[in-house]
Amino acid sequence: MAESQLKQTLKQKIEAFRPRTTKLNKEFGEVVIDKVTISQAIGGARDVRSLVTDISYLDPQEGIRFRGKTIPETFAALKEHVVPGCEMPTVESFFYFLLTGDVPNKQQAAEVTADWKSREQVPAYVYDVLRAMPRDTHPMTMFSAAILSMQRDSAFARRYGEGTLKKNDMWDPMYEDSMTLLARLPTIAAYIYRMKYKGDTIIPADPKLDWGGNFAHMIGQVKPYDDVARMYFILHSDHESGNVSAHTAHLVASALSDAFYAYSAGINGLAGPLHGLANQEVLGWIQGVMKKLNNAVPSKEQMKQFLWDTLNGGQVIPGYGHAVLRKTDPRFVAQNEFAKKHLPNDLTFQYVNMIYEVAPGVLTEHGKTKNPWPNVDAHSGCIQWHYGVREWDFYTVLFGIGRALGVLANLVWDRGLGYAIERPKSVTTEMLEKWAAEGGRKIG
Ligand code: NMX
Ligand code: MLT
């Protein structure tokens with residue numbers, strides 16, 4: 001098969017970039033860029049600068065930038081890729097941008113579409129795996145298992161096993177696996193959705209549709225949900241590399257495990273309630289309040305009381321707080337703007353807005369969280385619910401389809417730049433106590 005233009009472009013970019021990483025490592029490897037405190041060692045390595053990625057960067061005040069562009073700038077840059085009759089660009093054009101750093105032209109974006117179409121056929125054994133699982137299995141477990149099952153076809157594992165794969169060429173089969181995985185994720189997710197919640201009535205792919213539009217079609221949705229799907233996948237794609245799903249995948253892949261092993265593991269991390277599962281928790285929380293109020297809109301005082309009840313019950317307010325962000329998440333803002341335009345009178349949307357009005361004050365008064373503002377998950381379920389995707393426990397699968405775009409682009413570059421196996425150093429509690437008594441550990 002002739003090598004795609006995208007792959008040739010990527011090869012040139014990786015080879016041109018590699019000397020920068022090599023030089024930094026060889027000539028400036030001892031330059032200090034951070035220090036580590038006891039609370040960082042105990043507290044989840046928060047803020048320790050120890051990962052490198054050029055695909056996205058998260059500023060605590062501003063939020064995410066994809067390849068240097070804010071969310072509005074990203075959408076503006078991809079304007080010529082907006083699907084006719086829609087508002088959102090294709091996910092394919094966005095992926096080209098994420099992977100290469102260049103805004104694609106029409107032909108370059110079309111090449112991604114064609115490439116994914118050529119790989120989208122999901123092997124029958126994946127469906128066998130899904131069907132063998134009890135139907136009440138969480139869809140994230142199903143999604144992870146389906147991804148893992150395809151490891152048997154990994155190009156990376158096969159080429160590595162042949163014993164001739166050179167380090168500088170390892171990005172190539174990682175790219176192949178990543179493209180295969182991306183091509184199949186919407187079909188797999190839609191299959192889980194229809195099998196689990198829609199009486200096992202599977203809707204086949206439509207070859208005329210783009211990646212996001214096709215997913216909408218395969219779960220049985222109509223316009224404008226196709227734009228919701230595109231927006232959702234783009235917004236959830238990447239959040240630099242320290243978040244649990246991206247970091248897990250990076251860590252697993254650093255052992256030269258292939259993309260299937262690595263992304264399945266990333267999905268398992270995304271399934272945690274402090275990470276991606278928070279979007280399901282938010283909807284559950286809102287529905288709980290609605291039930292108590294017989295679907296009435298609460299007053300601000302009532303809403304405050306519900307928030308306090310949750311906090312006093314020892315639980316977190318889902319969708320609020322963030323490990324890095326210290327302002328409202330711009331992914332929340334992007335969804336809020338979409339909702340204002342398309343579902344202004346939706347009851348759940350009214351709840352989301354009212355929570356946004358009162359929760360930051362309540363959380364500030366509560367005094368624990370460093371960030372009382374909403375994150376992406378505070379909004380996403382509300383839009384899904386409005387369009388009839390009401391099976392909350394599927395929401396994190398939607399996150400997982402989008403997150404694959406960023407994680408897999410990163411894994412290709414990780415291999416291209418030859419990042420090492422990850423292995424931070426552990427210390428004992430006794431050591432920490434000793435250094436605490438001494439006022440710090442003597443370095444050097
Ligand atoms: N409600 C109540 N308490 C909170 C919240 C919240 N939303 N956020 C943080 N806290 C507490 C936190 O539990 C911790 O308490 P303790 O000292 O008793 O352990 C304290 O505030 C300090 O935490 P932070 O340093 O502000 O936050 P951290 O970086 O540790 O955690 C989250 C970040 C996102 C895990 C945390 O804010 C949280 O649990 N939020 C709710 C769940 C959520 O929305 N997760 C989705 C995040 C985005 N995503 O998609 O992954
Ligand atoms: C994410 O998108 O991964 C979340 O906002 C969590 C994070 O960045 O830590």
Side-chain angles (χ1 to χ4, degrees), residues 37 39-48 51 53 55-60 62-66 71 140 232-250 263 266-286 304 306-335 352 355-356 358-382 395-407 410:
T37 63
S39 70
Q40 287 173 316
I42 292 175
R46 192 73 76 260
D47 290 332
V48 180
L51 293 166
T53 174
I55 292 179
S56 68
Y57 182 75
L58 183 62
D59 179 85
E62 184 190 56
I64 196 67
R65 276 180 184 261
F66 302 120
I71 290 169
M140 284 296 274
Y232 201 92
F233 297 149
I234 290 172
L235 291 181
H236 286 81
S237 60
D238 210 32
H239 223 223
E240 59 172 47
S241 44
N243 65 77
V244 170
S245 48
H247 188 201
T248 303
H250 169 82
Y263 198 57
I267 285 292
N268 298 342
L270 191 66
L274 295 188
H275 190 20
L277 203 82
N279 59 12
Q280 136 174 6
E281 304 276 306
V282 169
L283 235 284
W285 192 89
I286 291 177
K304 272 188 195 165
F306 283 119
L307 292 166
W308 276 114
D309 290 348
T310 299
L311 291 170
N312 292 336
Q315 288 164 304
V316 294
I317 305 296
Y320 279 73
H322 200 275
V324 179
L325 280 166
R326 295 294 175 258
K327 280 266 168 71
T328 297
D329 190 335
R331 300 172 298 178
F332 176 94
V333 175
Q335 295 181 86
V352 165
I355 297 169
Y356 186 30
V358 298
V362 170
L363 282 166
T364 302
E365 201 182 326
H366 183 241
K368 272 193 170 182
T369 179
K370 297 187 190 70
N371 174 41
W373 302 104
N375 59 61
V376 67
D377 296 321
H379 213 304
S380 45
C382 147
Y395 291 174
T396 314
V397 175
L398 298 170
F399 193 153
I401 303 171
R403 182 49 52 96
L405 299 159
V407 166
N410 269 289

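Indexing begins at 1, ligand by ligand and atom by atom, following the structure's order. All figures in this text were calculated on a predicted structure; none of them were measured in a lab.
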List the closest protein heavy-atom neighbour of [atom]: residue, atom name, distance to the nearest 0.1 Å.
{"atom": "atom 38 (C) of ligand 1", "value": "Tyr320 O, 3.9 Å"}
{"atom": "atom 6 (C) of ligand 2", "value": "His322 NE2, 3.5 Å"}
{"atom": "atom 20 (C) of ligand 1", "value": "Lys368 O, 3.7 Å"}
{"atom": "atom 51 (O) of ligand 1", "value": "His275 ND1, 2.7 Å"}
{"atom": "atom 26 (O) of ligand 1", "value": "Lys370 N, 2.7 Å"}
{"atom": "atom 8 (O) of ligand 2", "value": "His239 ND1, 2.7 Å"}
{"atom": "atom 49 (N) of ligand 1", "value": "Asp377 OD2, 3.2 Å"}
{"atom": "atom 13 (O) of ligand 1", "value": "Val316 CG1, 4.1 Å"}
{"atom": "atom 9 (O) of ligand 2", "value": "Asn243 CB, 3.4 Å"}

Got a donor-acceptor contact below 3.5 angstrom from the [X] side chain to the [Y] backbone?
{"X": "Gln335", "Y": "Val376", "value": "yes"}
{"X": "Asp329", "Y": "Pro374", "value": "no"}
{"X": "Arg403", "Y": "Ser237", "value": "yes"}
{"X": "Tyr263", "Y": "Val407", "value": "no"}
{"X": "Arg46", "Y": "Gln40", "value": "no"}

Can you tell me how far apart [atom1] ([X]) and [atom2] ([Y]) are? Round to the nearest 0.5 Å.
{"X": "Asn243", "Y": "His275", "atom1": "CG", "atom2": "NE2", "answer": "4.5 Å"}
{"X": "Thr310", "Y": "Asn312", "atom1": "OG1", "atom2": "CG", "answer": "9.0 Å"}
{"X": "His379", "Y": "Tyr356", "atom1": "NE2", "atom2": "OH", "answer": "10.0 Å"}

Ligand 1 atoms in contact with [X] (distance to a heavy atom under 4.0 Å):
{"X": "Phe399", "result": "50 (O)"}
{"X": "Ala278", "result": "43 (C), 44 (O), 45 (N), 46 (C)"}
{"X": "His322", "result": "33 (C), 34 (C), 37 (O)"}
{"X": "Gly319", "result": "43 (C), 44 (O)"}
{"X": "Leu311", "result": "1 (N), 2 (C)"}
{"X": "Arg46", "result": "28 (P), 29 (O), 30 (O)"}
{"X": "Ala323", "result": "29 (O), 33 (C)"}

Quick look: Arg331 vs ligand 2, heavy-atom contacts under 4.0 Å, and the answer is side chain
Quick one: does ligand 2 sit under 4.0 Å from the side chain of His275, the backbone, both or neither, non-hydrogen atoms only? side chain
Protein heavy atoms: any of them under 4.0 Å from atom 32 (C) of ligand 1? no
Answer yes if a protein heavy atom lies under 4.0 Å from atom 47 (C) of ligand 1, otherwise answer no. yes
Would you mind telling me if ligand 1 is within reach of the side chain of Leu274, the backbone, both or neither, using heavy atoms under 4.0 Å? both
With a 4.0 Å heavy-atom cut-off (strictly under), which part of Leu363 contacts ligand 1: side chain, backbone, both or neither? side chain
Does some side-chain heavy atom of [Y] sit less than 4.5 Å from a side-chain heavy atom of [X]?
{"X": "Leu58", "Y": "His322", "value": "yes"}
{"X": "Asn268", "Y": "Thr248", "value": "no"}
{"X": "Ser380", "Y": "Phe399", "value": "no"}
{"X": "His250", "Y": "Ser241", "value": "no"}
{"X": "Val352", "Y": "Phe332", "value": "yes"}
{"X": "Thr396", "Y": "Leu270", "value": "yes"}
{"X": "Leu325", "Y": "Trp373", "value": "no"}
{"X": "Phe66", "Y": "Ile71", "value": "yes"}

Nitrogen or oxygen of Asp329 less than 3.5 angstrom from that of ligand 2: no
If I apply the N/O under 3.5 Å rule, does Ser245 come out as touching ligand 2? no
So, 4.0 Å and heavy atoms of Leu270: is ligand 1 close enough to count as a contact? no
Counting both backbone and side chain atoms, is some N or O of Gln315 under 3.5 Å from an N or O of ligand 1? no
Any N or O of His366 that comes nearer than 3.5 Å to an N or O of ligand 1? no
Sub-4.0 Å heavy-atom contact, Arg403 with ligand 2: yes
Test item, Glu240 contacting ligand 2 (heavy atom, 4.0 angstrom): no
Have a look at Tyr320 and tell me which of Thr369, Asn371, Ile355 forms a side chain to side chain contact (heavy atoms under 4.5 Å, CB included) with it. Ile355
Among Asn375, Thr369, Ile317, which one puts a heavy atom closest to atom 10 (N) of ligand 1? Thr369
